[in-house]
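Structure first, then comments.
These values consider heavy atoms only, across backbone and side chains, with no hydrogens, waters or symmetry-generated copies. Predicted model, so just to flag it, every value in this text is computed and none were measured.
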Amino acid sequence: MKKFAFGLLALTVICSLSFYVWSSLNERDGIYTGIGSVIKKTPGLDTTSFTINVSGLKQDLLDGHYGLTEVIVNLKHQNFYNIDMYLEAPNGERVELNCQSGGYDPISKKLIFKDDAKRLIFIENSPYQGEYKPNGFLAWFNNRCQGNGKWRLKIVDTNKSKGRGVLLYWQLKFGNNPPAPKAIASSNLPLVVINCPVVSPKKVHDAKATMKVVFNENGQVNLLSDTASAISLPIELKLRGNSSTKLPRKSYSLKLKGKKQKLKEVSIAGIKPTSEWILGSNLMDRSLIRNPLTYTLFKNIGGNSIESKLCEVIWNNQYMGVYLLSEKPDYSIVQNVFNNEKINTGEQYIVCKDNHEDGKIGWYSRHKNYTKVGKKSFIIIKYPDKQRVARKLIPVIEKDFSKFDDALVNSFDNPVVDTSYRSLIDMQSFINYMLINELTKNNDGYKLSCFMYKPKNGTLHAGPVWDFDRALGNLNSDGASTADGWRFSFLEERATNGNPKWWPALMEDSLFAKTFVDSWKNNRKNVITDATINHQIDSLVQLTKNAAARNFNLWPVLGINNSGFYYSPEVKSFDDEINYLRNFILNRAHWIDAHINELIK
């Protein structure tokens, strides 16, 4: 380890002496060089900042005629996954170059970030070298950004080991015909146009912006220039997601604002009026339709499903690809079930079994999950949504929810089923919830984004369902890409945040199991027949096919094999992805048909 550190220091000194001559020669050609140093350890996510003073550019305001063309970074580090890099312009505009990309491998080569590169670094294997697309777009700098002045490369090293990395040098290249923001003129999908003072979507946190949505209800093509069919709204944006925040394209929560910055309920793209929305990226769902397909099927079987619409997004004049615009799941319950009635006594609430994150209000279950690791579930309070109120009500909500939790875990741990849970829940909502998660073989459905709600004077309901980008065979691990096996009883070997015991315990109750079996058979005869499933898939594909070509031209993620998501050498195109999805869900339904009676006690 000491030899590694000494070698890095020696390299830094040698490079520093050489660059005084080199950088002065290159500046005349629009190439500016910055000298590196050891990268600080940043457990608190502080950054090491490296500066280049740019002067004498052909023009001060960068645009599509003259601007930034490349960013070159040469660094050494033992674990590239722990490195985040951002480029900041003299006026403070920032673009993400890399965020926990690649694998847990060393890096010691030169990286060249260009908007027109053909490779995305987050899906690459070692050795990391050559040209890559940045996570953001250099084009945003070439939209009247100041060029002369201090440019900063900011690096975050989250590695907790003793070793340190070093930036050897970095360069900015300016020239003619640089990348400039590129929008699209029309789409079969709704167009969502966002203008935000934060140039890089990665850094959005409660940022104020404006949003324009173009949507023709009569089915005509949506034109960016159309004002008659467009609505424009002030919004507040916030980055959302867990692991997805490390991907190049991000997801966001949106709040629509009215007078005096109060929330305003508005109908967008044919979805019923609401004030809180999600703009979901789902970058690695290469079918583009897993979520909207599942939400529709869930609604068909009687589930309390959210509404959503696929759309194409333009951010600060830059086309960003296909997103899913949807209601926020917890706010959908507040609006459609609670009727916006604010009751802050704990009599009605929404909770979610999910990852424990800093700032989340909730409690740990008394019981261990159904995993070999045996961790406990964290239950997050989603409503009441005011932190002060939610924190005060933790004991009240925990006491009520624990009746359900205790009864089902007792059933799982003991030979006699504790049927007291029946009076505590809306059984059909739990059956619908499990039906859709089994049909899609959702790897996360029982342990993450697992919503439940209790209306005033009512019983506990399961739902709405949320987040299926890793479902329907789109995962390499844990048998998720095969059509066989029950997901509710899957015993995870490694996961620390596994399935609670609630789900297999429910199936131990003969009444619940028989009702589940009957519901499956009835739905298969009526609303989730093979023909119905095929029709839903065909309708979504017809709507998205042209947009898919644009999306994958911008984000070349088809046919890749280094992301944890499903890969097969036979699945290379968008059509292949749709065929794989179609075959998976039909084979899955047929497997359940053949094994459903085994659940009857």
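- With Ser308 contributing its side chain and Pro292 its backbone, the two residues share no donor-acceptor pair below 3.5 Å.
- Side-chain contact between Leu475 and Tyr566: absent, with no pair of heavy atoms (C-beta onward) separated by less than 4.5 Å.
- Listed for the Asp576 side chain is no donor-acceptor partner under 3.5 Å among the backbone atoms of Asn579.
- In this structure, a donor-acceptor pair under 3.5 Å is absent between the side chains of Ser326 and Tyr295.
- Taken to the nearest 0.5 Å, the NZ atom of Lys309 stands 11.0 Å off from the CD1 atom of Ile268.
- Looking at Glu96 and Lys250, a side-chain N of the basic residue comes within less than 4.0 Å of a carboxylate O on the acidic one, giving a salt bridge.
- Not a single donor-acceptor pair under 3.5 Å links the side chain of Asn216 to the backbone N or O of Asn218.
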Query - side-chain contact (heavy atoms from CB on, under 4.5 Å) assessment of Ile560 paired with Val557 - result: CA-CA 6 Å; Ile560 60 163; Val557 294; 4.3 Å; yes

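- Between Leu581 and the options Ile289, Asn474, Asp285, a side-chain contact (heavy atoms from CB on, under 4.5 Å) holds for only Ile289.
- Lys299 and Asn304 are not linked by any side-chain donor-acceptor pair at a separation below 3.5 angstrom, with hydrogens and angles left out of the test.
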**Report entry** Candidate pair Trp315 and Tyr323, rule ring pair (Phe, Tyr, Trp, His ring centres under 6.0 Å), full reasoning
**Finding:** CA-CA 12 Å; Trp315 184 296; Tyr323 274 70; 8.4 Å; no

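- Partners of Arg240 under the side chain to side chain donor-acceptor pair (under 3.5 Å) rule, at least two apart in sequence or in another chain, do not exist in this structure.
- With hydrogens and angles left out, the side-chain atoms of Asp575 and Ser573 include no donor and acceptor closer than 3.5 Å.
- The backbone N or O of Tyr66 lies less than 3.5 Å from no partner atom in the side chain of Asn177, so there is not a single donor-acceptor pair.
- Remark: Lys110 NZ is loosely packed, at most 12 non-hydrogen atoms of other residues, nucleotides or ligands lying under 6.0 Å away.
- Here CG of Asn583 is found 12.0 Å from CG of Leu472. Values are rounded to the nearest 0.5 Å.
- At least one donor-acceptor pair closer than 3.5 Å links the side chain of Gln59 to the backbone N or O of Leu61.
- Between the side chain of Asn553 and the backbone N or O of Ala549, no donor-acceptor pair lies under 3.5 Å.
- Ring centroid separation for the pair Phe174 and Trp151 comes in under the 6.0 Å cut-off.
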Query - Pair Asn317-Asn143, side-chain contact (heavy atoms from CB on, under 4.5 Å): steps then yes or no - result: CA-CA 9 Å; Asn317 300 318; Asn143 191 26; 3.6 Å; yes

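- A donor-acceptor contact under 3.5 angstrom links the side chains of Asp157 and His77, judged on distance only.
- Annotation: the span from Ser225 atom OG to Leu191 atom CG amounts to 10.0 Å, rounded to 0.5 Å.
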Requested in this report: With salt bridge (charged side-chain N to carboxylate O under 4.0 Å, His left out) as the test, would you mind laying out the steps for Glu131 and Arg119 before giving the verdict?
Outcome: CA-CA 7 Å; Glu131 295 184 355; Arg119 295 186 295 165; over 6 Å; no

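- When atom types are taken as modelled, the side chain of Ser267 and the backbone of Ile271 share a donor-acceptor pair closer than 3.5 angstrom.
- The environment of NZ in Lys212 is crowded: more than 12 heavy-atom neighbours from other residues, nucleotides or ligands sit within 6.0 Å.
- At a threshold of 4.0 Å, the pair Arg286-Asp469 does not count as salt-bridged, since none of the basic side-chain nitrogens sits closer than that to a carboxylate oxygen.
- Counting heavy atoms from C-beta outward, Thr33 and Leu172 have side chains that stay 4.5 Å or more apart.
- A salt bridge between Lys360 and Asp354 is absent, with no side-chain N of the basic residue lying under 4.0 Å from a carboxylate O of the acidic one.
- Electrostatic pairing of Arg550 and Glu312 counts as a salt bridge here, judged by a charged N lying under 4.0 Å from a carboxylate O.
- The two residues Ala480 and Lys441 have their closest heavy-atom pair at O-CD, 4.2 Å.
- Side-chain contact check for Leu288 versus Leu324: every heavy-atom pair is 4.5 Å or farther apart.
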Query raised in the report: Given Phe451 and Asp330, is the side-chain contact (heavy atoms from CB on, under 4.5 Å) satisfied, shown in steps?
Result: CA-CA 8 Å; Phe451 287 88; Asp330 47 334; 4.1 Å; yes

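- Considering Lys328, Glu265, Glu276 as possible partners of Gln335, the one that fulfils the side-chain hydrogen bond (donor to acceptor under 3.5 Å, both in side chains) test is Glu265.
- In this structure, Phe574 and Leu558 approach most closely via the heavy-atom pair N-CD1, 3.9 Å.
- Val73 places a side-chain heavy atom less than 4.5 Å from the side chain of Phe113.
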Requested in this report: May I have the step-by-step check of ring pair (Phe, Tyr, Trp, His ring centres under 6.0 Å) for Phe298 and Trp466, ending in yes or no?
Outcome: CA-CA 10 Å; Phe298 186 56; Trp466 180 252; over 10 Å; no

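- Here Lys272 pairs with Glu307 in a salt bridge; the nearest charged N to carboxylate O distance falls below 4.0 Å.
- Judged purely by atom type and a 3.5 angstrom limit, Arg249 uses its side chain to pair as donor or acceptor with the backbone of Met320.
- Asn74 has its side chain out of reach of Ile72: every pair of non-hydrogen atoms, C-beta onward, lies at least 4.5 Å apart.
- Using a 3.5 Å distance cut-off with no hydrogens or angles, the side chains of Asn442 and Arg470 do not pair a donor with an acceptor.
- Looking at Leu68 and Lys173, their side chains never come closer than 4.5 Å, going by heavy atoms from C-beta outward.
- Stacking of Arg290 on the aromatic ring of Phe468 is not recorded, the 6.0 Å distance cut-off and the 45° axial limit not both being met.
- The main-chain N or O of Val322 is found under 3.5 Å from a side-chain atom of Asn551 such that the two form a donor-acceptor pair.
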Requested in this report: Please step through side-chain contact (heavy atoms from CB on, under 4.5 Å) for the pair Lys257 and Lys208, ending with a clear verdict.
Outcome: CA-CA 10 Å; Lys257 296 291 186 174; Lys208 290 178 173 55; over 6 Å; no

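- Each of Thr274, Ile306, Ile350 was checked for a side-chain contact (heavy atoms from CB on, under 4.5 Å) with Ser332, and the lone residue meeting it is Ile306.
- With hydrogens and angles ignored, the 3.5 Å screen pairs a side-chain donor or acceptor of Asn316 with a backbone N or O of Cys196.
- Phe137 and Trp140 have perpendicular rings, their planes meeting at more than 60° on a 0 to 90° scale where under 30° would count as parallel.
- Smallest separation of non-hydrogen atoms from Tyr132 and Leu111: CE1-CD2, 3.8 Å.
- Heavy-atom minimum distance, Asn188 versus Asn222: O-ND2, 3.6 Å.
- Summarising the geometry of Asp115 relative to Pro179, their closest heavy-atom pair is OD2-CB, 3.5 Å, with the distance given to 0.1 Å.
- The shortest distance between side-chain heavy atoms of Lys114 and Thr69 does not fall below 4.5 Å.
- Scanning all heavy atoms of the two residues, the minimum distance from Asn98 to Ile83 falls at ND2-O, 2.6 Å.
- Ser229 is not listed as a side-chain neighbour of Phe215, based on a closest heavy-atom distance of 4.5 Å or more.
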